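As the structure lists them, so they are numbered: ligands from 1, and atoms in each ligand from 1. Model, not experiment: these values are computed from the prediction.
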Amino acid sequence: LPAPADTGRVAFPDGFLWGTATAAFQIEGASSEGGRQDSIWDAFCRIPGAVRNGDDGTVACDHYHRYREDVALMKRLNLDTYRFSTSWARIMPDGKTVNAEGLDFYSRLVDELLAADVLPWLTLYHWDLPQALEELGGWPSRDTAYRFADYAVAVHEALGDRVRVWTTLNEPWCSAFLGYTSGAHAPGKKSPELGLAAAHHLMLGHGLAVEALRERDPEASLGITLNFTVSDPVDPSDPADVDAARRDDGMFNRIFLDPILRGAYPQDLLDDVAHLGFADVVRAGDLETISTPIDVLGVNYYNGGAVSARPQQAQGTPEGTAGPDGARETPTDGPVWETGSPNPVPDGIHHHSRGLPTTDMGWEVQPEGLTRLLVRLQQDYTGPRGTALFVTENGAAYPDVVQPDGSVDDQDRLAFIDAHLRALKAAIDAGADVRGYFAWSLMDNFEWALGYSKRFGLVRVDYETQERTVKASGRWYAQVARDNALPARTVDTPGPADK
Ligand code: GBH
């Protein structure tokens, strides 16, 4: 990765929002307190071998009990906003009956945030479906979409007077295809048909929730957060690679973007999945609901990928790099990817390593992909509809090296975020209406199928003592948020560019 050409000070537009993001299951713990019942992740964690080291969410970062301390940390980090999710299983433990005690936790959290002058940015669903609803069919069942809209209304009823920014879903791609096609995530199902049905019903739930919230609260800011990739053909002059990249882009990005922001599935994607019965899942009127106008498109960006119609030659694919999103440590074209691909139509899509530096997740570090992604979204999707863009997640896992004095000098994470913020500013300069950035994550937390083995935090969590320690990246980010600007960066600072 070449050092960015400009390492000088970079100022952001007035009013640009600086935040961090978390998710309920990843930080709260207290999994059977306050009337909460199992989500699909509690159940998944009990499947032997499903989650690395047998880790689970019973304690996590104990945020349920330490939220005051954590909001004080946000204040110390000069955050304008905090993106968190509510746990459906806490608020509606059986999937349909409201539990006042569950809502009360979030009410206290929101009050604490407002008192600290931190804008609450609420996500209704970050992967933790009540297990009771999974037992009724989960997201592949159409009824779950209607249950989700009921849940959205219940949360709004309790918090709508104080929460002004609402995100329906976080990364439906992961819920659908890691949950129901590759099985790397809860509930661990492995079926292309189930993944596609889940994807459609997640979007239907999003649309029904937006309709309901809009009617109750016309002034609220409503949106969805999607995860994106940037699919580049390995050989742009090879039509087979170009076609593989098209299909990869279709199954990651356009499958959600087009219905939500253009009101129709892309025809090439419908053709690709025609043999999987997808047409029967989509009913008349669904796309009108799904494309109900939104105010915000949340963009989660971690990496892009080089895509080919052919497997990569063994050389150059280091043994032990993490594959796509699971507790797997095989090259992306290894046997696990072949048998456990999240893509319902995996044939002829191979992700090649480009030899770029990687994070502790094995994901290649590719900041310039963020510039291209944001400009494309603005031009092709959000611009024409006046929808604002926010980067709702970006960040990196690196192992913490704890100094004898307890401090963590994570220059790798700092350099990663610095490079991506420079890329974001380049997109603003090219016309993208990007109004804020949330670092993933406020603190180290439960990294899904990888348990506590990966650390994404600006703040270190000692899981023995629950002690929080602001890392060097966190101190630096506090300065960025305070100044609304990146400080000049000295080129000889070690970072992902120098690995
Ligand atoms: C987010 O998911 C989640 O919202 C958050 O909860 C989580 O903790 C965080 O990221 C870190 O994982 O094909 O090998 O190049 C990110 C999900 C990550 C999905 C990148 C697609 C491509 C991996 N995405 N991934 S690969």
Arg354 CZ: over 12 foreign heavy atoms closer than 6.0 Å:
yes
So, does Asn445 use its side chain to make a donor-acceptor pair with the main chain of Ile27 at under 3.5 Å?
no
Test your reading of the structure: does [X] have an N or O sitting under 3.5 Å from an N or O of ligand 1?
X      : answer
Asn227 : no
Tyr302 : yes
Asn445 : no
His351 : no

Using non-hydrogen atoms of the residue, decide whether Ala23 is closer than 4.0 angstrom to ligand 1.
no
Determine, stepwise, if the pair Ser308 / Asp241 fulfils side-chain hydrogen bond (donor to acceptor under 3.5 Å, both in side chains).
CA-CA 4 Å; Ser308 172; Asp241 283 8; 3.0 Å; yes
Going by the angle between their ring planes, with limits at 30° and 60°, are His63 and Tyr82 parallel, tilted or perpendicular?
tilted
Parallel, tilted or perpendicular: which fits the ring planes of Phe278 and Tyr265, with parallel below 30° and perpendicular above 60°?
perpendicular
Structural part of Thr229 in contact with ligand 1, heavy atom criterion under 4.0 angstrom:
neither
Taking non-hydrogen atoms only, is Glu364 closer than 4.0 angstrom to ligand 1 via side chain, backbone, both or neither?
neither
Please identify which atoms of ligand 1 are closer than 4.0 Å to at least one heavy atom of [X].
X      : result
Glu171 : 1 (C), 2 (O), 3 (C), 4 (O), 16 (C), 17 (C)
Cys174 : 17 (C)
Trp127 : 2 (O), 3 (C), 4 (O)
Glu447 : 7 (C), 8 (O), 11 (C), 12 (O)
Phe456 : 11 (C), 12 (O)
His126 : 3 (C), 4 (O), 5 (C), 6 (O)
Asn170 : 4 (O)

Residue from Tyr302, Tyr437, Trp440 passing side chain to side chain donor-acceptor pair (under 3.5 Å) with Asn394:
Tyr437
Nearest-option assignment for atom 4 (O) of ligand 1, heavy atoms, candidates Met361, Glu393, Gln366, Gln26:
Glu393
Could you work out, for atom 18 (C) of ligand 1, the closest of Phe25, Trp363, Phe252, Phe177 by heavy-atom distance?
Trp363
Any side-chain heavy-atom pair of Ile91 and Tyr106 under 4.5 Å
yes
Arg468 versus Leu73: any side-chain heavy-atom pair under 4.5 Å?
yes
Exactly one of Phe25, Trp448, Trp41 clears ring pair (Phe, Tyr, Trp, His ring centres under 6.0 Å) with Trp127, and that residue is Trp448
Any carboxylate oxygen within less than 4.0 angstrom of a Lys/Arg side-chain nitrogen, looking at Glu447 and Arg52?
no
